[in-house]
There are 2 protein chains.
Amino acid sequence: MANGVTAEKKAPARGEERANGRARGIDRVIALMEHLHSLRTPTRIADIARDTGTPRSTVYELVNTLVEARWLELRDDDGTVYFGPAMHYYGSDYLDSVDLIRKARLEVAHLAEMSGETSQFCMLEGDKYLVVLNEPGRRMFRISSEIGIKVPIPWTASGRLLVDHLKPEEILSFIPDEDFLLPDGRRIARDEFMHDIRQARENGYVRTTALVDRFTTCLAAPVRDASRQCIATICFVIPADTGEAEQKSMIDLLIASAEKLSVPR
Amino acid sequence: MANGVTAEKKAPARGEERANGRARGIDRVIALMEHLHSLRTPTRIADIARDTGTPRSTVYELVNTLVEARWLELRDDDGTVYFGPAMHYYGSDYLDSVDLIRKARLEVAHLAEMSGETSQFCMLEGDKYLVVLNEPGRRMFRISSEIGIKVPIPWTASGRLLVDHLKPEEILSFIPDEDFLLPDGRRIARDEFMHDIRQARENGYVRTTALVDRFTTCLAAPVRDASRQCIATICFVIPADTGEAEQKSMIDLLIASAEKLSVPR
DNA sequence: ACGGCAAGTCCGATATTTCGGACAACATTC
DNA sequence: GAATGTTGTCCGAAATATCGGACTTGCCGT
């Protein structure tokens, strides 16, 4: 796309990988950062080199540069590296620059504070679901957030809202087959999934229990654009044994917040 | 540092700039991102090229790569670029990985929600002050946050706490001379500054009014480490005409939060 | 004390990336 | 509608950044 000639000459599968081992520094850095994000833990340089297929001497060189720019930070004294403050600054600039997300931040913070439960704002990226904003509740039973981690759509409550503009056959071709397989080995029946979606659309919210995690219930409400397409969801992650009355009032809160974020009908 | 030989051969002032125009892609990218952060607004590619001194063709090439990695995003249809979602994901990973900051997030969110006023968490970076966390209050009179933007220490309330472990002469040599000059042209007297610092240390908090902005008051309390050094501050940014009783209770809130974040005495 | 392993540095060669400049496609001005 | 400016693409050449591999240092267990 960026370079028609290269594509004609070699076309190494969309520029993903060069035949020879040699790569640009920038591509190495992108791979490095994606790797750290997928691990979500400080990592030793030698491991990064091995797992990303980057020569050791190259990684040392690049890490030095990135640490100096504060994109990365050397941790403890154990020789591991992880993201540095610059990433936070740039990330904050991004959040502030996107209108919907900036507004969603206020809602999510408010919901979490009001209820004391974890509240999230979620969107699709490609054919995967991901958490964009996460405000831990006072309960804080899940420590590490999953912001920006791709999850199969059928594993989530929000996923049932985010595809509700598609026709059933479109949904099935959109979502990869293996994504219907839950982490514990169970398989989500396709017609059940379709039923959930219809139901969710009618109700204006969705509730799932024990989907990914046996003891967790998710409540989600849709944020819709001018064409009424669900472009995001706002949701609660709560213990499955939460009382029904309480859940009902949380759903009302969600719908009110989602309405505020939606383009008025 | 990374390369002794280069330093001996040419020593281009700490590797900052090569005599010749040629530079590594990575260094161009770092300059690009820093530039976007300092502007804090989506920017046209041609302007980036001009203002960072990067050749136009190089910027186009790099921006393509970065957009594909979602580090940058093309905005609107006006040909501007700005930070993309990947920065937010990496930034969130950073926040979650630093114990003090993770705890501070809860405090700042809580303070902002309780009081409805803007609350921040601030630290030093080199000889500059910067806002690390910002939770806008319901008032929201300042739209754009200033997260990660360097500010002279004397311009801020928190700055008076963050240097309180230094002796007066150390402070004066630590803070660049020009940083005592306020944006409106007034100059902060050195002995007055020293007086503020002593006072702040005695009170356990600091209040400044109309320092950078005529109508704004800042209240700040120190977060201290095991050696009682002030390593961060937590603060409110409020209208200067806020009632004294209200301010007093906000100060109490701040001190309580700061205490929670500090290493117990 | 010794051998084996991991962390980190250094250096020269060459495959590759950056760069300048030409060019095409539009937009804007007079 | 001609002149001028802006945005983006393309290409070859030359400067250099990446890479492999050798080397040092420190740690560990035996």
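Only a predicted model underlies this, so the values are computations on that prediction, with no experimental measurement involved. Each chain gets a letter, A, B and so on, in the order the sequences are listed, and its residues count up from 1.
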All heavy atoms of Ser262(B) vs all of Pro222(B), minimum pair found to be OG-O, 3.9 Å

Least distance between heavy atoms, Leu95(B) atom then Arg105(B) atom |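 It is CD1-CD, 4.0 Å.
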
Salt bridge between [X] and [Y], side-chain N to carboxylate O under 4.0 Å?
X         : Y         : answer
Glu125(A) : Arg70(B)  : yes
Arg224(A) : Asp164(A) : yes
Lys128(A) : Asp179(A) : yes

Whole Å only: how far is the [atom1] atom of [X] from the [atom2] atom of [N]?
X        : N       : atom1 : atom2 : result
Leu66(A) : dT18(D) : CG    : P     : 11 Å
Leu62(A) : dC19(D) : CG    : C1'   : 11 Å
Asp27(B) : dC19(C) : CG    : C1'   : 15 Å
Arg24(B) : dA15(C) : CZ    : P     : 21 Å
Asn64(A) : dC10(C) : CG    : P     : 10 Å
Glu61(B) : dC19(C) : CD    : P     : 11 Å

If you pin Asp78(A) and Ile26(A) to their nearest nucleotides in DNA chain C, which one's is more 5'?
-> Asp78(A)

What is the distance from atom CG of Leu32(A) to atom CD1 of Ile26(A), rounded to the nearest 0.5 Å?
-> 11.0 Å

Between the axis at one end of the helix from dA1(C)-dT30(D) to dC30(C)-dG1(D) and the axis at the other (five pairs apiece), what's the angle to 10 degrees?
-> 50°

Before giving the answer on side chain to side chain donor-acceptor pair (under 3.5 Å), spell out for Thr65(B) and Arg24(A) the whole-Å C-alpha distance, their side-chain angles and the decisive distance to 0.1 Å.
-> CA-CA 11 Å; Thr65(B) 303; Arg24(A) 290 199 301 178; 2.7 Å; yes

Using the test side chain to side chain contact (heavy atoms under 4.5 Å, CB included), find all partners of Val98(B) that sit at least two apart in sequence or belong to another chain.
->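 For Val98(B), the residues satisfying side chain to side chain contact (heavy atoms under 4.5 Å, CB included) (neighbours in sequence not counted) are Arg75(A), Tyr94(B), Ile101(B).
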
Phosphate OP1/OP2 of dC19(D): any Thr58(A) side-chain N/O under 4.0 Å | yes

State, without any angle test, whether Thr52(B) and Thr54(B) hold a side-chain donor-acceptor pair at a distance under 3.5 Å.
->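 Result is yes, a qualifying pair exists.
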
Do any N or O atoms of the protein come closer than 3.5 Å to N or O atoms of nucleotides 5-7 of chain C, and which pairs are they?
unit_1 : atom_1 : unit_2   : atom_2 : d
dA7(C) : OP1    : Arg44(A) : NH1    : 2.5

Under 3.5 Å, is there an N or O donor on one side and an acceptor on the other linking the side chain of Arg22(A) and the base of dT16(C)?
->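 By the distance-only test, no, there is no pair.
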
